[in-house]
Structure formats: structure tokens, C-alpha cells
Amino acid sequence: MSISRRTALATGAAAITTAAITAPLVIKAAGVKTALAGDPVIALSDQLRATWTAWCSAMDAHEDACHRAGLTILESREVHREHGIEPLWQEVEHRKARFWDLQARLLDTPATTTRGVLAKIRGFYGDDEIANIMAGDLPCDPLGSEFAASVYRDLERLSRGLPS
């Protein structure tokens, strides 16, 4: 993901709010579950972005605690434990693992709509980067190969249903 930590923190509240309300709504009707939320990729992308923001916040909190204690972020776990900073490091690790899990799920989940394809791209680029791209600027980071392949597969699959 190429958004800066500052950008992630600045847009984090909106991403967290969006992720909290975009969980799929499911109704059971005659034993059949009907998804009303639309393309599942959209919710996964929102969750990925919110997790990125939370990961950045956790890293900042850990860094700040290390600096206040006169430590570097690379000090041993034992030193961090002695200064009460270990839980902050554990939070960083938890958020990081969650991010990579969500990213893998996002890339493996086929988009069922063009909005889902756009959501996959938003999973890689932050809002500021997308605005720059839309203004004609080159992205700071090229779209990762895993994202490009996943987006291409989605577009290819979705285009089969369109007239030529």
C-alpha cells in the first residue's frame, strides 16, 4: 500500500467509520441467505484501508512510547517488556497480520461489479494518491502486480457479460 502514514491518519476516521458500517447485511429467507450489501470486495477494501490506518496508528504509538522511554523501536522485546511497551508492539503485530490477511482475501475475492473493481484499486491507493492519478499525475508507486492481476481478472470476467 502506498499511502503515507500521515495521509492514512488524516483520513483514518472516515475509513474506520466506513468499515464499521459496511459489514454485509444478511437476511435468512426460507433457509436461504440473501446478501444485500452488494459486492463483497467493497467491504473488504474498506476493512483493509481501516486496518492500514489502525496499523499506522499503532506504529506511531509504539514509536512515541519508545522515544519517551529513551529506547529505539529495535530494542529487544525484553527491554520493551521492562518498560511496559510490549503491549504496544503486540498491537502493531496484530494489526500488521490483520492487514496482510485482509489483503490476501481482497485479492482472492472476485469483484462482482465495476464498483468492486474500483474498490480493489482503492485498497492499494489512498484517497490522495487516487486524486493525483485522476488529475493526470503518475502514481508514487505503480499498482502492485498482485493487485494488477486481480483487477485484470475481474475486468476480464465482468466484460464477458457486456456487448462488444
Minimum heavy-atom distance [X]-[Y], with the two atoms named:
X	Y	value
A111	G116	CB-C, 3.7 Å
V117	L155	CG1-CD2, 3.8 Å
T112	P40	OG1-CD, 4.2 Å
T51	R95	CG2-O, 3.6 Å

Is the shortest side-chain N to carboxylate O distance from D154 to R157 below 4.0 Å?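 Salt bridge flag = yes for R157 with D154.
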
Answer yes when R153 and E156 have at least one side-chain N-carboxylate O distance shorter than 4.0 Å, and no when they do not.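 Looking at R153 and E156, the cut-off is not met.
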
Is [X] linked to [Y] within one hydrophobic cluster, defined over Ile, Leu, Val, Met, Phe, Trp and Tyr using a side-chain heavy-atom separation of less than 4.5 Å?
X	Y	result
L118	L102	no
I133	Y152	no
L138	F124	no
W52	I121	yes

My understanding is that a hydrophobic cluster links ILVMFWY residues whose side chain heavy atoms are under 4.5 Å apart, including indirect links. Using that, what else belongs to the cluster containing L88?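 Members besides L88, by chain and number: L71, V79, I85.
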
With under 30° as parallel and over 60° as perpendicular, where do the rings of F99 and W55 fit, or are they tilted in between?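 F99 and W55: tilted rings.
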
Quick one: are [X] and [Y] in side-chain contact, heavy atoms under 4.5 Å?
X	Y	value
D137	E129	no
M59	K96	no
H62	H80	yes
F147	L106	yes

Spacing of [X] atom [atom1] and [Y] atom [atom2] [to the nearest 0.5 Å]:
X	Y	atom1	atom2	answer
E86	E93	CD	CD	9.0 Å
Y125	L143	OH	CG	5.0 Å
T109	K120	OG1	NZ	6.5 Å
Q103	S45	CD	OG	10.5 Å
T53	L48	OG1	CG	9.5 Å

side-chain contact (heavy atoms from CB on, under 4.5 Å) for H83 and C66? Distances and angles first, verdict last. CA-CA 9 Å; H83 287 86; C66 286; over 6 Å; no

Does R115 have more than 12 heavy atoms from other residues, nucleotides or ligands lying within 6.0 Å of its CZ?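 12 or below, so no.
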
